[in-house]
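Read through the structure below, which is laid out as C-alpha cells, and then see the notes.
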Amino acid sequence: MKKIAVFTSGGDAPGMNAAIRAVVRAGIYNNVEVVGIMRGYAGMVEGSFKPLVSKDVSNIIQHGGTILKTARSKEFMKASGRKKAYDNLVKEGIEGVVAIGGNGTFTGANIFENEYNIPFVGIPGTIDNDLYGTDYCIGYDTAINTVMQALDKIRDTASAHNRLFFVEVMGRDAGFLALRSGISGGAEGVLIPEVPTHLDELHLYLENKFKEKKSSGIIVVAEGEEEGGAYRIAKKVRKDFEDYDVRVTVLGHVQRGGSPTAFDRVSASKMGVEAVKTLIEGKSNVMIGTKCGQLELVPFEKAIKESKSINQKLYDLLTVLNV
Ligand code: F6P
C-alpha cells in the first residue's frame, strides 16, 4: 500500500486533529503517502484532495475542530455520488482510506465498501460516544470536561439565587455525555433517553428530598430526552412548583470545541497509528475500537447496527449520591 487518504466527517470533535496528525506521521513512518480529503464525503465526491506532509500536521494536536473540515453530504448517499467519489479516489491513486467520524460516517463507508474495492478503516470521533464496540470515541472526554466546567459555573449562580437549573447537553439520541458530565458536575438529576423520564419521579424528588435539603440545584437533560428537552421540562416544573425559581441553559455547540484533553489526544494518536497499520495489513471495513484500554477491530456493520447500552451502575450512582 503506497498511498492512502484520510478525512473527517459528521459533527467535529476535539481530538480529530490529533488523529489526523497520527495518520500522517504513521504513513510517513511506513513509507506510505497520505492525502487529506477536504470536507468529508462532500470533498470525496468533488475530488478535493490535499497532499499531507509532516509539517502540515505540526502544531495541531492542541486544537479542536479539524484542519480537513467536515460536512454532511447528501450527494454521497446517492449511487451516482459514490461513483464520482470512487473515480476520484482511483484517479488520485488512493489504495485505502481512514475515515474519522461517527455513525453516519461508518454507514457511508460500509455502503461504499460493499460497492467498491477500496478498503476503509474507521476511527470513532463523536462527542456523543454512541458507537457500539468502543468504550470511548474521540472528543467524548473533552466534551465531558467542557460540560462539567459549565455546570460548575451555573452552580455558582444557582446557589446565589436559590434557583433550579435545567441544563441541556448534546448527545443526539444518546445519554452518555449527559450521564457522565452530570455526575462529574454533582447534578441533582440526569434525564437521558435510555431511561424513560418519569416526570412524576422528578416531581417526587423535587417535592420531597430536594425541598427539605436543597435551596438550589441542577438537572442535566440530554437533548434526545423523550420529554422534548430542557425548556419543555422546565415549563412543566414551573407550572407544578410555583415556588421554585426555574431557569434553563442550553449548552449547544460549545460542547464541540476546545483544546482536547490529554486522554483524547493520546486515544486519537493510538487510534490513528493503528488505523494505518490495519490498512497496511490488508484489513478493511472495520473501526478501531477501545475496550478496557485495549484497541480492537470492530466491523462497521456491528459498530453502526448494534446499540450501546448505558452503564446502569453509573446511572444508579445518582440515586445514592442524591439520597
Ligand atoms: O453528533 C454530534 C452532535 O454534536 C450531536 O450531539 C448534535 O445533536 C449534533 O451533532 C448537532 O449537529 P449540527 O452540528 O449539524 O448542528
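Residues: numbered from 1 along the sequence shown. Just so you know, these numbers use all the heavy atoms, side chains as well, and skip hydrogens, waters and symmetry mates. Counting starts at 1 for both ligands and their atoms, in listed order.
Checked against D87 for a side chain to side chain donor-acceptor pair (under 3.5 Å), the options K91, K84, K83 give a single hit: K83.
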Are there any N/O pairs under 3.5 Å between ligand 1 and the protein, and if so, what are their distances?
unit_1, atom_1, unit_2, atom_2, d
ligand 1, 1 (O), D128, OD2, 2.8
ligand 1, 1 (O), R172, NH2, 2.9
ligand 1, 4 (O), R256, NH1, 2.7
ligand 1, 6 (O), D128, OD1, 2.7
ligand 1, 6 (O), G171, N, 3.0
ligand 1, 6 (O), R172, N, 3.4
ligand 1, 6 (O), E223, OE2, 3.3
ligand 1, 8 (O), E223, OE2, 2.6
ligand 1, 10 (O), R256, NH1, 3.1
ligand 1, 14 (O), H253, NE2, 3.0
ligand 1, 14 (O), R256, NH1, 2.9
ligand 1, 14 (O), R256, NH2, 3.0
ligand 1, 15 (O), R72, NH1, 2.6
ligand 1, 16 (O), H253, NE2, 3.2

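Ring centroid separation for the pair F112 and Y41 does not come in under the 6.0 Å cut-off.
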Atom pairs and distances, side-chain donor-acceptor, residues 31-39, under 3.5 Å, sequence neighbours left out:
unit_1, atom_1, unit_2, atom_2, d
R39, NH1, E46, OE1, 3.1
R39, NH1, E46, OE2, 3.2

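Residues satisfying the ring-ring contact (aromatic ring centres under 6.0 Å, His included) criterion with Y231, sequence neighbours excluded, are absent altogether. For the ring-ring contact (aromatic ring centres under 6.0 Å, His included) test, residues two or more places apart in sequence or in another chain that qualify with F263 are Y136.
Classification of E188 and R155 as a salt-bridged pair holds, one side-chain N sitting under 4.0 Å from a carboxylate O.
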